[in-house]
Undergrad: 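Before I ask anything, let me first share the structure, which is written out below as structure tokens.
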Amino acid sequence: MDLLAFFDIAVLDGTVRLGVPLLLACLAGLFSERAGIFDIGLEGKMLISAFLAAGVSFTTGSVWLGLIAGIMASVVLSLLHGLASITFRGNQLISGVAINFFASGITVVAAQAWFGEGGRTPSLSGAARFESIQFPGALTRIRDIAKADLPMKVYSELLSGHTIIVYLCILIVPFVWWTLYRTRFGLRLRAVGENPGAVDTAGISVYRMRYSAVIICGVLCGLAGAYLSTGLQAGFVREMTAGRGYIALAALIFAKWRPWQALGATMLFGYLQALAIRPDILERAIGIRVQTQVLDALPYVLTVIVLAGFVGKAIPPRAGGEAYVKER
Amino acid sequence: MQKMPNWADVVLVPVLSLVLAAIISAIVILAIGHNPIDALGIMVKGALGNSANVSYTLYYATNFIFTGLAVAVAYHARMFNIGGEGQAYIGGLGAALACLYIPWPHWTLALIGGGVAAAVFGAAWAAIPAYLQAKRGSHIVITTIMFNYMAYPLLNFLLNGPIKAGGMEPATPSFAEAMHLPNLSAILGAVGISFSDRGPANFALIIALLACVFVWALIWKTKLGYETRAFGESESAAKYAGIKPTKIIMIAMLISGGLAGMMAINNVMGEAERLVLNAVEGAGFIGIAVALMGRNHPVGILIAAILFGILYQGGAELSAELRIPREMVTVIQALVILFTGALDNMVRMPIEKLFVAFGRKGAN
């Protein structure tokens, strides 16, 4: 037993890398659901963004153009979700399911037609990818890092060497918190998810508020997806989101629809994912071999426990999932 | 007030939704540089061209009947069961355990034993989400998704460890010869119809048809079915009528999970004759599209399941001949769900307006 191994720097570093897309998707869901629009289509929006970001980055050689393309694709799907669930008052869950399947299929079909490599994009390199940013004085070679002392290890591996999106993420949680709780927009957004009738009475358009929320959700999902294919990995492969949209949804419930808690929940799930790819470290930490499948299942088990109300009650926004019908 | 006649609701709206889905699918095929008419021809020929192809089509349709019925039964109680995929995985586990560890002397007994085990395992996988929804208000959609994601690691673990056959593949050993279900060619041969024995369609098709009858009788001919529909229409009204929500949610979800689990009769017992890791192949999710398209009625589901069987088998030919990936079927499936489910009002509202307008003219 070596409990300190749980805090292995490589695992913590992996936590950040794997937690960031979860965090972005989770905050995306937070905006949408706080405005009363359930969104189980986070997965599909991330996937289509991951694909288009990688495809456009490869074709143009610019990762920034790729990022814009990815975000736009994600927002288009968001608007479709809005059309179905806000304008046509359809079932939001069914709409989300449709969006996930659509993204899952179209990315492979389009990738095959575009690149002919069996549903993937070619590998990205150079300016077609978000490069990791090295802090001044940080060690980059694995052998040097292994020999360094602890503060240097933390500095070189955990703090340094991430992509720009990861560093932007540090600012995003306080920004979301401030937007939600300290701005007029945030107040209206939360109100529209709890009592849209009251918001309407105050002369504010429920539809416009909900559409704004859905668009923000699309932008954040787009960012998360683009990070997957152009930051975390170098290219798109089929189904590369691998359920992250659902884990983000789980984290959102775990966090009870609040931004700081969302950071905690996504980092916890990111940590579990990072641990799942390093079974050797887990074995060192607790002394017995744990099946990786247990770690694969753990985020979902935790979520069900939370949903069951054993760790406090998770109450969703009151008007969530219901279309608003304006009185005439 | 009746806004439009029944036939418009049951036939016109779904058909128009499907036409819209077909148009968008055609645009996608055009966009990737193929001719949609040619693609349709290849799909139809690949799905119905000869009796071996028909056998594949019916085999897939059998899967979709089970999962479609599963979604529909839950839907009548206003439960959206997205967990059919996981329930079918676990149902497969039940069927495999029953067939591996009990030496059934004859396939009819294996069918009963394995089928019951599949249904019980599937129902058990739906039971926890159902209980949490009924007792603690945890949203069924989220919990069933979570259970889908738990089913896969569980099978991955079992098939790589405790119930793994020798060799590299994560799969159980094959079931004993005596338990193999007769295929469609043997069944049709018995009544004098010759049918190719190269396809996977098997006795499970008959069980699926019986399941359609069972669900129809259950929902429309029993007290329980009446209570379920009443609950689905209005929870508060049902409560006033003395219908217990917990009971309805639990029973509807258990039957739903059981039906999804029974898909294992077809894919595990009938076709593979062992349990492989990727046994369900998304059929649980296609059940959602099938139920929506079939308007949650067994007859509609039967038709929709066969249509999706054609799509699925035709899609395989499409990828072989035109190198359009099989995922094209997923796109079509998504469009069907979108137009018949989420955007239903987009199609329905203009038609309702038309009928109201014409109805007024008729009255004057």
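Chain naming here is simple, since letters A, B, ... match the order of the sequence lines and numbering starts at 1 in each.
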Undergrad: Quick one: what part of B:Arg348 sits under 4.5 Å from any heavy atom of chain A, side chain, backbone, both or neither?
TA: neither
Undergrad: Taking all atoms of both residues into account, what is the closest heavy-atom pair of B:Thr330 and A:Gly105, and its distance?
TA: CB-CA, 3.9 Å
Undergrad: If you count heavy atoms of other groups shown closer than 6.0 angstrom to CZ of B:Arg295, is the number above 12?
TA: yes
Undergrad: Do you know which two heavy atoms are closest between B:Met346 and A:Phe88, and how far apart they sit?
TA: CG-CZ, 3.4 Å
Undergrad: Tell me whether the rings of A:Tyr246 and B:Tyr149 are parallel (<30°), tilted (30 to 60°) or perpendicular (>60°).
TA: tilted
Undergrad: So what's closer than 4.5 Å to chain B heavy atoms on A:Ile40: side chain, backbone, both or neither?
TA: side chain
Undergrad: Hey, could you give me the CZ/CD1 distance between A:Phe38 and B:Ile142, rounded to the nearest 0.5 Å?
TA: 7.5 Å
Undergrad: With a 4.5 Å cut-off on heavy-atom pairs, point out which of A:Val109, A:Val294, A:Ile99 contacts chain B the most.
TA: A:Val109
Undergrad: Show your working on side-chain contact (heavy atoms from CB on, under 4.5 Å) between A:Phe101 and B:Leu338 and close with a plain yes or no.
TA: CA-CA 10 Å; A:Phe101 287 141; B:Leu338 188 68; over 6 Å; no
Undergrad: Could you give the distance from CD1 (B:Ile337) to OG (A:Ser95), rounded to the nearest 0.5 Å?
TA: 10.5 Å
Undergrad: Check whether B:Ile82 gets within reach of chain A through its side chain, its backbone, both or neither, counting any heavy atom under 4.5 Å.
TA: side chain
Undergrad: For B:Tyr75, I'd like to know if atom OH has over 12 heavy atoms of other residues, nucleotides or ligands within 6.0 Å.
TA: no
Undergrad: Measure distances from B:Phe80 to the heavy atoms of chain A and classify the residue's part below 4.5 Å as side chain, backbone, both or neither.
TA: side chain
Undergrad: Between A:Leu249 and chain B, which part of the residue has a heavy atom less than 4.5 Å away: side chain, backbone, both or neither?
TA: side chain
Undergrad: What part of A:Leu80 gets within 4.5 angstrom of chain B, counting heavy atoms only: side chain, backbone, both, or neither?
TA: side chain
Undergrad: For B:Asn345 versus A:Gly90, what's the shortest heavy-atom pair and its separation?
TA: ND2-N, 4.5 Å
Undergrad: With a 4.5 angstrom heavy-atom cut-off, which part of B:Asn156 approaches chain A: side chain, backbone, both or neither?
TA: both
Undergrad: Mind checking the CE-CZ spacing from B:Met349 to A:Arg89? Nearest 0.5 Å is all I need.
TA: 5.5 Å
Undergrad: Side chain, backbone, both or neither: which part of B:Tyr131 has a heavy atom under 4.5 Å from chain A?
TA: neither
Undergrad: Is B:Ile145 in contact with chain A via its backbone, its side chain, both, or neither, using a 4.5 Å heavy-atom distance?
TA: side chain
Undergrad: Give the C-alpha distance, both sets of side-chain angles, the deciding distance and a yes or no for side-chain contact (heavy atoms from CB on, under 4.5 Å) between B:Glu327 and A:Gln112.
TA: CA-CA 10 Å; B:Glu327 277 74 6; A:Gln112 174 65 24; over 6 Å; no
Undergrad: Who wins among A:Asn91, A:Leu93, A:Asp296 for the most heavy-atom pairs under 4.5 Å with chain B?
TA: A:Leu93
Undergrad: Looking only at heavy atoms, which of residues 48-56 of chain A get nearer than 4.5 Å to chain B?
TA: none
Undergrad: Can you give me the closest heavy-atom contact between A:Ile106 and B:Val331, atom names plus distance?
TA: N-CG2, 3.3 Å
Undergrad: Is it the side chain or the backbone of B:Leu154 that comes within 4.5 Å of chain A heavy atoms, both, or neither?
TA: neither
Undergrad: Check whether any side-chain heavy atom of A:Val304 sits under 4.5 Å from a side-chain heavy atom of B:Met150, and report yes or no.
TA: yes
Undergrad: If you take all heavy atoms of B:Ala342 and A:Ile94, which pair is closest and at what distance?
TA: N-CG2, 3.7 Å
Undergrad: How far apart are the C-alpha atoms of A:Val301 and B:Met146, what are their side-chain angles, what is the distance that settles it, and do they pass the side-chain contact (heavy atoms from CB on, under 4.5 Å) test?
TA: CA-CA 7 Å; A:Val301 176; B:Met146 298 298 129; over 6 Å; no
Undergrad: Take a 6.0 Å sphere around CD of A:Glu117 and say whether it holds more than 12 heavy atoms from other residues, nucleotides or ligands.
TA: yes
